[in-house]
Protein chains: 2
Amino acid sequence: MLTKKKIPQSTVWRLSQYLNCLSLLSSEKCREISSHELAERVGVKSTQIRQDFHYFGGFGQPGCRYNVGQLIGELEAILGLDKPQNMIIVGAGNIGQALAHYDKFEPLGFRLKGIFDVNPRLFGLKIRGVGVRDVKELPRFVKDHHIRIGIITTPARVAQSVADLLVRIKIKGIWNFSPMNVTAPEGVSMVNENLSVGLMTLSHKIKGG
Amino acid sequence: MLTKKKIPQSTVWRLSQYLNCLSLLSSEKCREISSHELAERVGVKSTQIRQDFHYFGGFGQPGCRYNVGQLIGELEAILGLDKPQNMIIVGAGNIGQALAHYDKFEPLGFRLKGIFDVNPRLFGLKIRGVGVRDVKELPRFVKDHHIRIGIITTPARVAQSVADLLVRIKIKGIWNFSPMNVTAPEGVSMVNENLSVGLMTLSHKIKGG
DNA sequence: CTTTATATGTTAAAAATTTAACGATCTTTT
DNA sequence: AAAAGATCGTTAAATTTTTAACATATAAAG
């Protein structure tokens with residue numbers, strides 16, 4: 001049952017796609033789904049799905065289609081969505097504010113607890129009930145509110161130093177939206193989300209065909 | 001010299017990382033760089049870089065390090081950034097407005113020409129000189145202004161129909177930020193940028209290590 | 001009750017991607 | 001001028017990931 005077989009990054013990525021699709025199906029009162037149907041909806045091959053699930057021992061039994069509710073539960077557990085996680089946003093600029101407004105994270109168990117900036121003009125601004133605070137208060141706030149995830153939406157030049165600060169105060173994961181590739185030491189998870197990359201990828205695709 | 005060897009998606013993704021890094025180096029007056037130095041900065045192996053470049057015949061010669069300026073030019077050409085491309089944003093909500101404010105696309109040659117929404121209250125709002133218009137004007141606007149790229153930042157339920165509209169009016173590429181996976185027919189390039197996926201990936205990483 | 005159709009788990013093959021090894025070329029040093 | 005060191009391009013090996021094949025189990029039909 002040990003799942004320490006090293007899961008491909010692409011599999012993790014697809015699992016969240018499956019979960020996305022399954023949540024939608026569930027809201028439409030769909031109770032069961034086959035690997036073929038799910039594959040078609042997500043745009044992958046059915047064998048890919050069964051193989052992805054196989055990394056975790058599989059979630060069904062031969063002959064029977066998957067139970068949608070169970071599948072959602074399993075995927076949520078794998079992705080760490082079964083328990084709520086507290087987040088903060090560092091940088092209350094446009095991207096930071098947009099992410100604070102975004103209401104699709106909350107249903108997944110991600111709770112935004114605070115927003116931080118250096119600009120005093122923004123202090124006190126509230127977004128969906130969450131206030132913007134002085135970044136000086138950040139270390140204390142993280143400790144007091146059991147913050148696990150930090151979202152960096154600052155200018156590139158300070159992104160790494162913000163990350164270093166977050167690491168020092170024992171944050172568990174960093175989601176970086178600044179255009180600078182940020183690194184974190186072993187033990188702190190890191191996802192760099194350079195927005196320009198998506199646009200460049202699209203541009204290349206347009207050229208190619 | 002034909003480069004139709006099928007370039008891995010991961011290679012394209014890395015190329016934009018390289019370009020990002022090289023642009024920074026160039027602004028620091030760095031003229032030459034070895035595959036080892038670049039690899040270290042981007043966080044990949046040097047053989048990976050040489051192999052990536054090899055898909056296009058290579059951009060240097062044995063014994064000499066790469067010329068930063070030339071490399072930037074080559075990568076820009078591959079990624080289709082050598083000629084400006086006009087874009088529109090459909091959906092003037094939080095994500096749409098944040099992307100409109102974002103100033104890192106312009107230097108790459110992506111020019112935002114218009115923002116569209118269905119909410120009359122937003123009509124006339126200007127972001128960095130670009131106005132919000134009625135979505136009814138969209139087809140005409142796209143034709144008149146040679147728009148090649150459409151960015152979808154609408155609610156999920158209308159995302160596919162917006163994409164269908166964009167396809168009908170002969171847009172070349174679609175960058176979708178709605179949480180719904182959108183599809184486009186052969187001939188129209190598509191990049192789905194589901195924001196939740198990044199967060200779920202991070203959550204899984206935190207669990208794992 | 002048996003047969004047929006459907007559907008998953010599992011194993012193996014195939015394909016794709018990454019990494020390593022090595023030869024060729026240029027620069028620098030002696 | 002020759003030798004040593006560094007560096008890229010290219011080819012081959014290793015690894016990873018995807019796809020296919022098949023055995024097994026359930027449900028439905030005859």
- Message: Between Asp164(A) and Arg168(A), does any NZ, NE, NH1 or NH2 come within less than 4.0 Å of an OD or OE carboxylate oxygen?
- Response: no
- Message: Between C1' on dT18(C) and CH2 on Trp13(B), what's the gap in Å once rounded to a whole number?
- Response: 15 Å
- Message: Once you apply a heavy-atom cut-off of 4.0 Å, does Ser10(B) come out as touching a base, just sugar-phosphate, or nothing?
- Response: sugar-phosphate
- Would you mind reading off the distance between Gln9(A) atom CD and dT17(D) atom P, rounded to a whole angstrom? 9 Å
- Task: Just say parallel, tilted or perpendicular for the rings of Phe141(B) and His145(B), cut-offs at 30° and 60°.
- Result: parallel
- Value in whole Å for how far the P atom of dT7(D) lies from CZ of Phe53(B): 15 Å
- N/O (side chain, Tyr55(B)) to phosphate O (OP1/OP2, dT18(C)) under 4.0 Å: no
- Would you please confirm or rule out a distance under 4.0 Å between OP1 or OP2 of dT16(D) and any side-chain N or O of Lys6(A)? yes
- Query: Base, sugar-phosphate, or nothing: which does Phe59(B) touch, judged by heavy atoms less than 4.0 Å apart?
  - Reply: sugar-phosphate
- When the distance from CD of Glu32(B) to C1' of dT7(D) is rounded to whole Å, what number comes out? 11 Å
- With the side chain of Ser34(B) defined as its heavy atoms from C-beta on, choose the nearest nucleotide among dC26(C), dT17(D), dC8(D). dC8(D)
- Message: Looking at Tyr66(A), I'd like to know whether one of its side-chain N or O atoms comes within less than 4.0 Å of OP1 or OP2 on dG9(C).
- Response: yes
- Item | Atom-to-atom span, CG of Asp52(B) to C1' of dT19(C) - whole angstrom | 12 Å
- Message: Ile149(A) vs Asn86(A), test: side-chain contact (heavy atoms from CB on, under 4.5 Å). Steps then yes/no.
- Response: CA-CA 6 Å; Ile149(A) 294 174; Asn86(A) 294 336; over 6 Å; no
- Task: Can you tell me the distance, in whole Å, between the CD atom of Gln48(B) and the C1' atom of dT11(D)?
- Result: 16 Å
- Below 3.5 Å, does any donor atom in the side chain of Gln51(A) face an acceptor in the base of dT19(D), or the other way round? yes
- Query: How long is the gap from NE2 on His54(B) to OG1 on Thr47(B), to the nearest 0.5 Å?
  - Reply: 13.0 Å
- Note on the structure: Contacts of Pro8(A) and Ser35(B) projected onto DNA chain D by closest heavy atom; the upstream (5') one is Ser35(B)
- Message: Does dT26(D) have its OP1 or OP2 closer than 4.0 Å to a side-chain nitrogen or oxygen of Arg65(A)?
- Response: no
- Query: With sugar-phosphate meaning primed atoms plus P, OP1 and OP2, does Arg50(A) contact a base, only sugar-phosphate, or nothing at under 4.0 Å between heavy atoms?
  - Reply: base
- Which sits closer to the 5' end of DNA chain C, Pro62(B) or Lys45(B), going by the nucleotide each is nearest to? Lys45(B)
- With DNA chain C as reference, determine whether His54(A) or Gly63(A) sits nearer its 5' end, using the nearest nucleotide of each. Gly63(A)
- Note on the structure: CG (Leu38(A)) and CG (Leu25(A)) are apart, to the nearest 0.5 Å, by 7.5 Å
- Can you tell me how far P of dT8(C) sits from CD of Glu37(A), to the nearest Å? 9 Å
- Examine dA25(D): is either OP1 or OP2 under 4.0 Å from a nitrogen or oxygen in the side chain of Gln61(A)? Give yes or no. no
- Could you tell me the separation between the CG atom of Asn67(B) and the C1' atom of dT7(D), rounded to a whole number of Å? 15 Å
- Item | Proximity of Tyr102(B) and Phe105(B) rings by center, below 6.0 Å | yes
- Message: So Thr47(A), base contact, sugar-phosphate only, or nothing? Heavy-atom distance under 4.0 Å.
- Response: base
